[in-house]
2 protein chains.
Amino acid sequence: MPRTAEDNQRIKDERREDILTASRTVFARKGLSATKMSDIASAAGLSYGLVYHYFDSKEEIFAEIVRHAVQDTLNFASSVDVSDASPLEKLRAFCEFKIQKSVHRPEMHLIITQAFATDALPPEALAAIRQYGSKISETVRSWIQQGQETGHIIEGDPVELDMALFCALQGLAMLQMCSRVVPRGMPSVDTFLRMLSVRGDLS
Amino acid sequence: MPRTAEDNQRIKDERREDILTASRTVFARKGLSATKMSDIASAAGLSYGLVYHYFDSKEEIFAEIVRHAVQDTLNFASSVDVSDASPLEKLRAFCEFKIQKSVHRPEMHLIITQAFATDALPPEALAAIRQYGSKISETVRSWIQQGQETGHIIEGDPVELDMALFCALQGLAMLQMCSRVVPRGMPSVDTFLRMLSVRGDLS
DNA sequence: GTCTATACGTAGATAGAC
DNA sequence: GTCTATCTACGTATAGAC
């Protein structure tokens with residue numbers, strides 16, 4: 001009994017997902033240019049040529065991963081933004097999200113950063129990245145400003161505070177990726193939030 | 001009048017330094033594997049083949065840069081360590097050093113990190129890197145512990161606090177490297193130190 | 001849909017001229 | 001000491017067999 005068109009489509013979707021999943025680790029570990037298509041193929045358990053059946057090029061895979069990662073974070077930030085939580089709670093939720101991602105999928109954040117730094121990247125992926133950067137920091141900054149108005153976030157330039165938080169989260173993803181195990185003594189959300197919160201608001 | 005042996009030696013030293021300086025930027029920007037020898041050559045204003053007169057391979061240049069950067073930071077940390085400053089002041093001095101380096105030579109910190117992450121690296125460079133990681137964090141951790149004993153640093157696992165600080169500094173270098181200009185609103189030392197210091201010890 | 005074999009280009013490294 | 005020309009290896013992408 002031959003496979004139906006639906007079966008084929010399902011296989012195709014699965015393979016695409018396999019490739020993307022495998023690529024995430026390899027890209028984060030070795031970077032875009034150092035990653036060979038053969039690396040991806042073997043990581044995904046596929047033959048070399050087959051990868052080209054699903055993606056036109058290495059850069060296309062990279063761009064796709066970036067798109068997904070960006071969308072993921074943006075979605076979460078938006079859902080938090082429209083919630084009725086307090087500004088500090090929103091910041092906490094966002095940090096927890098990023099930290100959790102850093103632990104379980106450190107590739108994500110790191111690949112986004114690579115995309116920022118790298119030169120040779122498809123224009124579409126670059127556009128997504130730019131949007132991500134401005135949109136996220138814009139949102140986080142608004143939380144900080146609201147918190148300052150209610151007196152739960154310390155005074156100071158929101159841009160600076162936003163950057164400080166970004167740096168901490170960024171560095172965490174980096175650290176997580178380098179040390180290939182989950183190290184004991186991971187920084188807690190509270191430690192990071194101490195940079196922003198007014199004395200006494202955290203335990 | 002022919003050049004003396006000293007002249008030749010001086011020229012040789014200068015060229016080596018030229019190559020290293022030029023390489024730092026390129027490596028940080030593009031990563032080890034994406035960097036071509038031709039990139040380095042043109043960045044240094046030299047011909048392609050000449051680079052091989054001074055270095056045997058691309059990896060050797062990279063390793064040399066890493067060694068320098070590591071030594072630089074280690075030296076500073078040691079000099080601070082033996083000073084009679086308070087633990088919090090030592091931490092502040094170290095942060096200021098790293099932040100300043102991040103601003104003026106963001107390549108440094110970023111290249112060290114790359115070296116951590118990358119797989120294909122000369123064994124010697126790897127050894128230097130490992131030493132760096134353990135030595136630095138060991139020193140910083142000792143400052144944190146001393147500060148906790150004198151009551152100027154908050155209670156908590158020193159390993160965790162050390163990591164948090166490391167993340168922030170790490171992320172800053174990354175950010176600095178990605179946004180190719182010196183952005184307004186750079187995080188201040190105080191903001192980072194708020195993660196560690198007891199309430200009221202900072203302005 | 002999946003694989004292996006091949007053509008093409010590019011980058012690392014060397015040799016030899018000036 | 002400095003350059004250009006060349007050899008070689010490897011990685012991308014494609015073509016064609018199963």
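Keep in mind that what you see is a predicted model, and the values were worked out from it rather than measured. All values below come from the heavy atoms of this structure, side chains included, with hydrogens, waters and symmetry mates left out. Chain letters run A, B, ... following the sequence lines, proteins first, then strands; residues in each count from 1.
- Taking B:A41 as the reference, B:V51 meet the side chain to side chain contact (heavy atoms under 4.5 Å, CB included) condition, with sequence neighbours excluded.
- For B:E107, there are no side-chain hydrogen bond (donor to acceptor under 3.5 Å, both in side chains) partners, not counting sequence neighbours.
- Among pairs with a residue in residues 38-54 of chain A, those fulfilling side-chain hydrogen bond (donor to acceptor under 3.5 Å, both in side chains) read A:K30-A:D39, at least two apart in sequence or across chains.
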Item checked: Base versus backbone protein contacts along nucleotides 2-15 of chain D [heavy-atom cut-off under 4.0 Å; B, S, -] -> BBB------SBBB-
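- A search for side chain to side chain contact (heavy atoms under 4.5 Å, CB included) contacts involving B:D72 returns B:F97, B:K101, B:M108, not counting sequence neighbours.
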In a table with atom names and distances, give each donor-acceptor pair under 3.5 Å that connects a side chain of residues 154-169 of chain B to protein atoms at least two apart or in another chain.
{"residue": "B:D157", "atom": "OD1", "partner": "B:V159", "partner atom": "N", "Å": "3.1"}
{"residue": "B:E160", "atom": "OE2", "partner": "A:S188", "partner atom": "N", "Å": "3.2"}
{"residue": "B:E160", "atom": "OE2", "partner": "A:T191", "partner atom": "OG1", "Å": "2.5"}

